[in-house]
Each structure stands twice: as C-alpha cells, then as structure tokens.
Number of protein chains: 2
Amino acid sequence: MALEKEISSIVRFHRKKSGLSQAEFAKTAGVGKTVIFDIEKGKQTVRLSTLQKVFIALNIRVSFSSPLMDAFEKSKEEGNANR
Amino acid sequence: MALEKEISSIVRFHRKKSGLSQAEFAKTAGVGKTVIFDIEKGKQTVRLSTLQKVFIALNIRVSFSSPLMDAFEKSKEEGNANR
DNA sequence: GACATATTACTGTTTAAGCGGTATATTACG
DNA sequence: CGTAATATACCGCTTAAACAGTAATATGTC
C-alpha cells in the first residue's frame with residue numbers, strides 16, 4: 001500500500017475515533033484545516049514536520065524496518081552512528 | 001528519539017552501506033543532492049514524497065503503531081474504511 | 001424536507017522546499 | 001604531507017506547501 005494512502009486512512013480513522021472534526025482536530029494538532037483535508041485525501045507532498053504534529057496529536061508512532069535494520073540497531077548500541 | 005533524527009541516522013547508515021556518496025545516492029533516488037544532505041542533517045521540513053523516494057531506494061519500510069491500531073486493522077478487514 | 005454540521009473545493013498570499021552550481025571544509029588514503 | 005573524494009555550506013531560482021477565508025457539497029439528525 002502506498003505510504004500516503006496508508007497515512008490517509010490511519011489519520012482519518014484515528015481522528016474520527018477522537019470525535020473531532022477536521023477543523024477542530026487541526027487546531028489541537030497545531031496545523032491548518034486544509035492540510036488535514038489534504039492528508040486524508042492522500043497528498044504526497046506534505047512536510048514531515050506537519051505529519052509529525054498530526055501523529056503526536058493522534059498518539060501514532062512511526063517505525064522503520066529493512067534488511068539492514070538489525071545491523072543498524074547494533075551499530076547504535078556500539079555507539080557507531082556512522083562509518 | 002525525534003523522528004527526523006531517527007530518519008537522519010537510518011538514512012545515513014543505509015546509504016553508507018550502499019557505498020554511495022550523497023551525490024551518487026541522490027541520483028539513484030531521483031532527488032537533489034541538497035535534500036540528502038538536509039535529511040542526514042535532521043531537517044524536519046522534508047516532504048513526504050522526497051522521503052518516500054529515499055526509503056524506496058534504500059529498501060526501508062515504514063510502519064505505524066498506536067493504541068487504536070488493532071481496531072484500525074480490524075476495520076480494514078471489515079471494509080469499513082471510515083465511520 | 002429542513003436544519004445543523006462536516007467535508008470538500010477554490011481563493012490569494014506568504015514562506016520555504018527542492019534544485020543545481022559552486023565554494024569551502026572535512027575526511028580518507030597513497 | 002599532498003591530493004582526491006566526500007561532505008558541508010551558501011547562492012539564486014522556481015515551484016508549491018501551508019494558511020485562513022469563503023463557498024459549495026455532502027452527511028447526517030430531527
């Protein structure tokens with residue numbers, strides 16, 4: 001599933017459960033009402049900072065996975081952020 | 001950990017493992033070199049579409065979790081996208 | 001059907017994201 | 001140390017994201 005479509009349905013579901021309209025939720029999240037509509041419509045060009053506010057307001061966590069993720073976690077523990 | 005910092009370190013780690021410089025990787029991901037530098041620097045205002053290109057190029061998957069996530073998955077199976 | 005509420009759509013304005021070019025700083029390696 | 005590669009930084013330029021306002025649909029609820 002495309003990332004923006006997934007975000008779209010997740011945000012809408014969570015917002016509806018919160019009982020807030022788009023405009024009300026926009027206020028609590030600290031963003032404009034337009035961008036809530038856009039996100040729920042599946043807009044691909046939203047800014048990360050905007051999504052972050054929405055996710056925080058809805059108590060949604062984001063995580064990442066990949067074939068290299070175990071090695072990445074290991075490197076963090078060892079304090080090798082890069083190399 | 002802040003989302004943009006997490007993305008920053010994950011992207012840098014994966015790119016380094018790929019053996020590409022920022023400029024080379026930018027080309028393969030289909031974005032400008034500047035935005036790769038910005039992402040690895042922890043920029044918060046990157047666009048979702050840009051991150052998407054980077055994640056695809058690095059084979060990184062994104063997933064979401066929340067207290068309502070089980071109910072959300074259920075509602076998908078039942079075909080109730082909203083309500 | 002009438003009426004309230006919410007969503008969708010469109011507007012103009014402000015701000016900045018992304019871009020390539022380039023210049024400087026940093027890092028790696030012989 | 002020198003030098004090549006890479007990363008970091010700054011530059012204008014173009015495009016569009018986010019915004020509030022408003023208007024038009026849609027979705028209820030009585």
Side-chain angles (χ1 to χ4, degrees), chain A residues 2-58 60 62 68 71-72 75-76 78-83, chain B residues 2-58 60 62 68 71-72 75-76 78-83:
Chain A
L3 186 55
E4 73 280 358
K5 298 287 182 189
E6 195 178 352
I7 291 173
S8 161
S9 53
I10 291 176
V11 166
R12 167 155 293 199
F13 180 86
H14 282 71
R15 177 184 62 80
K16 292 261 182 182
K17 288 289 183 188
S18 81
L20 297 174
S21 69
Q22 290 179 343
E24 287 169 335
F25 172 66
K27 280 212 166 192
T28 74
V31 299
K33 65 182 184 355
T34 309
V35 88
I36 299 300
F37 169 68
D38 287 341
I39 290 171
E40 293 191 5
K41 202 180 141 194
K43 189 178 190 181
Q44 303 187 21
T45 50
V46 211
R47 293 182 191 158
L48 177 63
S49 54
T50 303
L51 285 175
Q52 224 169 340
K53 291 178 191 168
V54 169
F55 290 156
I56 288 170
L58 294 174
I60 297 171
V62 185
L68 290 179
F72 171 70
S75 80
K76 278 204 305 184
E78 293 159 14
N80 315 331
N82 4 4
R83 161 168 7 151
Chain B
L3 187 56
E4 75 279 358
K5 297 287 182 185
E6 195 178 352
I7 292 172
S8 161
S9 54
I10 291 176
V11 166
R12 169 155 292 196
F13 180 87
H14 282 71
R15 177 184 61 80
K16 291 261 182 180
K17 288 290 184 189
S18 80
L20 296 173
S21 70
Q22 290 179 343
E24 287 168 336
F25 173 65
K27 281 213 165 190
T28 73
V31 299
K33 66 182 182 1
T34 309
V35 89
I36 299 300
F37 169 68
D38 287 341
I39 290 171
E40 294 190 6
K41 201 180 141 197
K43 189 178 189 180
Q44 302 188 14
T45 51
V46 209
R47 292 182 192 157
L48 177 64
S49 54
T50 303
L51 285 175
Q52 224 170 338
K53 290 178 191 169
V54 168
F55 290 155
I56 288 169
L58 293 175
I60 296 171
V62 184
L68 291 179
F72 171 71
S75 81
K76 278 205 306 184
E78 292 159 14
N80 314 331
N82 5 4
R83 164 164 4 149

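We name chains A, B, ... by the order of the sequence lines, and we start the count at 1 in each one.
- Nearest heavy-atom pair across B:F13 and A:S75 is CE1-OG, 3.6 Å.
- Sorted pairs that involve residues 19-35 of chain A and meet salt bridge (charged side-chain N to carboxylate O under 4.0 Å, His left out), not counting sequence neighbours, are lacking altogether.
- The CZ atom of A:F25 sits 18 Å away from the C1' atom of C:dT8 (whole-angstrom rounding).
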Report, one pair per line, the protein and nucleotides 3-7 of chain C atoms (nitrogen or oxygen only) whose separation is under 3.5 Å.
{"residue": "C:dT7", "atom": "OP1", "partner": "A:R15", "partner atom": "NH1", "Å": "2.9"}
{"residue": "C:dT7", "atom": "OP1", "partner": "A:R15", "partner atom": "NH2", "Å": "3.0"}
{"residue": "C:dT7", "atom": "OP2", "partner": "A:Q22", "partner atom": "N", "Å": "2.8"}

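- The distance between atom CD of B:Q44 and atom C1' of C:dA16, rounded to the nearest whole Å, is 14 Å.
- Rounded to the nearest 0.5 Å, atoms CG (B:L3) and OG (B:S8) are 11.0 Å apart.
- Rounded to an integer number of Å, the gap from A:K43 NZ to C:dC10 C1' is 13 Å.
- Residue A:S9 holds its OG atom at 10.0 Å from NE2 of A:H14, rounded to the nearest 0.5 Å.
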Could you write out each protein N or O paired with an N or O of nucleotides 20-23 of chain C at a distance under 3.5 Å?
{"residue": "C:dG20", "atom": "N7", "partner": "B:K33", "partner atom": "NZ", "Å": "3.4"}
{"residue": "C:dG20", "atom": "N7", "partner": "B:T34", "partner atom": "OG1", "Å": "3.4"}
{"residue": "C:dG21", "atom": "N7", "partner": "B:K33", "partner atom": "NZ", "Å": "3.2"}
{"residue": "C:dG21", "atom": "O6", "partner": "B:K33", "partner atom": "NZ", "Å": "3.0"}

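- For the atom pair OG1 (B:T34) and CG (B:D38), the distance works out to 6.5 Å, reported to the nearest 0.5 Å.
- Residues meeting the ring-ring contact (aromatic ring centres under 6.0 Å, His included) test with B:F25, sequence neighbours left out: none.
- With rounding to the nearest 0.5 Å, the separation of CD1 in A:I10 from CZ in B:F72 is 4.5 Å.
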In a table with atom names and distances, give each donor-acceptor pair under 3.5 Å that connects a side chain of residues 47-58 of chain B to protein atoms at least two apart or in another chain.
{"residue": "B:Q52", "atom": "NE2", "partner": "A:E4", "partner atom": "OE1", "Å": "3.1"}

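- Reading DNA chain D from its 5' end, the first and the last nucleotide to sit under 4.0 Å from a heavy atom of chain B are D:dT6 to D:dA17.
- Distance NZ/B:K5 to NZ/B:K43: 13.5 Å, rounded to 0.5 Å.
- For the side chain to side chain contact (heavy atoms under 4.5 Å, CB included) criterion with A:V46, the lone passing option out of A:I7, A:V31, A:I39 is A:I39.
- Here B:E40 pairs with B:R12, B:R15, B:Q22 under the side chain to side chain donor-acceptor pair (under 3.5 Å) rule; sequence neighbours left out.
- Of the residues in residues 47-56 of chain B, those lying under 4.0 Å from DNA chain C by heavy-atom distance are B:R47, B:T50.
- Annotation: the terminal axes of the helix from C:dG1-D:dC30 to C:dG30-D:dC1 meet at 60°, where each axis is the rotation carrying the C1' atoms of four end pairs onto the next four (5 pairs per end, rounded to 10°).
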